[in-house]
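Worksheet: the structure to be examined is printed underneath.
Not measured: the values here are computed from a predicted model. The residues of the chain are indexed from 1 along the displayed sequence. Below, all heavy atoms of this structure are taken into account, side chains as well, without hydrogens, waters or symmetry copies.
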Amino acid sequence: MHEQVRAAVAYIVGALISGKQTSAIYDYSRGMHILISGSLTHKNVNVYDYTHGCHISGNGDNGQLNLYHYGQSSHVLLRITGTQFSGFDYGSGSHFSGHMSGQSISLYDYTESEHFAFSI
């Protein structure tokens with residue numbers, strides 16, 4: 001999973017689970033804030049990643065979102081259930097999963113076989 005896609009997914013998950021729409025997410029693996037903002041609901045996502053200069057948008061229903069990351073030209077399927085999430089990144093052809101606790105998001109990327117930490 002590309003790091004831009006991973007950060008965007010973490011931001012979307014964080015905003016939707018917490019109900020707070022912030023203007024950035026902190027990526028601990030890269031030691032930097034990723035500036036992202038826009039409109040998010042469980043049915044419609046339209047955000048812009050200012051750090052990488054690209055849109056991420058999509059729609060869905062029943063806890064499942066079909067997203068498109070314009071910067072990486074890839075589709076992402078995202079399912080959110082409570083504080084847990086999982087999905088499939090078509091760009092890398094791999095699954096991911098994770099959970100949110102407080103303001104912290106832990107995402108396991110099966111492509112990298114590694115956990116990645118973020119905070120909103």
Side-chain angles (χ1 to χ4, degrees):
M1 189 176 206
H2 194 278
E3 60 192 15
Q4 289 179 20
V5 176
R6 197 167 39 237
V9 166
Y11 173 83
I12 292 164
V13 164
L16 291 175
I17 291 175
S18 72
K20 298 177 184 175
Q21 294 187 18
T22 65
S23 59
I25 187 162
Y26 188 77
D27 183 341
Y28 287 94
S29 68
R30 292 191 281 168
M32 64 185 286
H33 283 92
I34 312 297
L35 305 176
I36 304 177
S37 66
S39 62
L40 294 109
T41 68
H42 286 279
K43 293 187 179 203
N44 194 331
V45 171
N46 187 15
V47 296
Y48 189 78
D49 180 338
Y50 290 91
T51 301
H52 302 105
C54 62
H55 283 94
I56 303 97
S57 63
N59 52 46
D61 204 6
N62 297 320
Q64 181 170 298
L65 287 161
N66 295 300
L67 304 170
Y68 189 77
H69 192 288
Y70 288 86
Q72 293 299 312
S73 301
S74 65
H75 290 274
V76 177
L77 176 66
L78 173 62
R79 293 180 197 92
I80 300 173
T81 306
T83 60
Q84 308 289 317
F85 64 92
S86 62
F88 189 80
D89 171 34
Y90 289 90
S92 65
S94 185
H95 292 273
F96 61 89
S97 63
H99 68 279
M100 182 170 183
S101 178
Q103 295 186 326
S104 298
I105 299 137
S106 175
L107 185 152
Y108 185 77
D109 183 344
Y110 287 82
T111 303
E112 304 289 333
S113 300
E114 189 176 340
H115 287 276
F116 292 88
F118 300 87
S119 66
I120 58 169

Would you find a donor on one side and an acceptor on the other, under 3.5 Å apart, between the side chain of [X] and the backbone of [Y]?
X      : Y      : value
His52  : Cys54  : no
Tyr11  : Thr22  : yes
Thr41  : Asn44  : yes
Ser119 : Gln103 : no

Next item on the list: Start with the C-alpha gap between Lys43 and Asn59, add the side-chain angles, then the distance that decides, and say whether side-chain contact (heavy atoms from CB on, under 4.5 Å) holds.
Entry: CA-CA 5 Å; Lys43 293 187 179 203; Asn59 52 46; over 6 Å; no

Which atom of [X] lies closest to which atom of [Y], heavy atoms considered:
X      : Y     : answer
Leu107 : Phe96 : CD2-CB, 4.2 Å
Ile120 : Ser18 : CD1-OG, 3.4 Å
Asp89  : Ser74 : OD1-OG, 4.0 Å
Ile105 : Ala10 : CD1-O, 3.5 Å
His33  : Ala24 : CD2-CB, 4.4 Å
Thr111 : Ser94 : OG1-CB, 2.8 Å

Would you call [X] and [Y] a side-chain contact if the rule is heavy atoms closer than 4.5 Å?
X      : Y      : value
Asp109 : Glu114 : no
His75  : Leu77  : no
Asn46  : Ser57  : yes
Leu16  : Leu65  : yes

Checklist line | Single-linkage hydrophobic cluster Phe85~Tyr28, side-chain heavy atoms < 4.5 angstrom | finding: no

Nearest-0.5 Å distance that lies between atom [atom1] in [X] and atom [atom2] in [Y]:
X      : Y      : atom1 : atom2 : result
Gln4   : His69  : CD    : NE2   : 5.0 Å
Leu78  : Ile12  : CG    : CD1   : 7.0 Å
Phe116 : Arg30  : CZ    : CZ    : 10.0 Å
Tyr26  : Phe118 : OH    : CZ    : 11.5 Å
Ser92  : Gln72  : OG    : CD    : 10.0 Å
Ile34  : Thr51  : CD1   : OG1   : 5.0 Å

Next item on the list: Tell me, please, which residues at least two apart from Tyr48 pass ring-ring contact (aromatic ring centres under 6.0 Å, His included).
Entry: Tyr50, His55

Check: Out of His115, His99, His95, which one pairs with Tyr108 under the ring pair (Phe, Tyr, Trp, His ring centres under 6.0 Å) rule?
Finding: His115

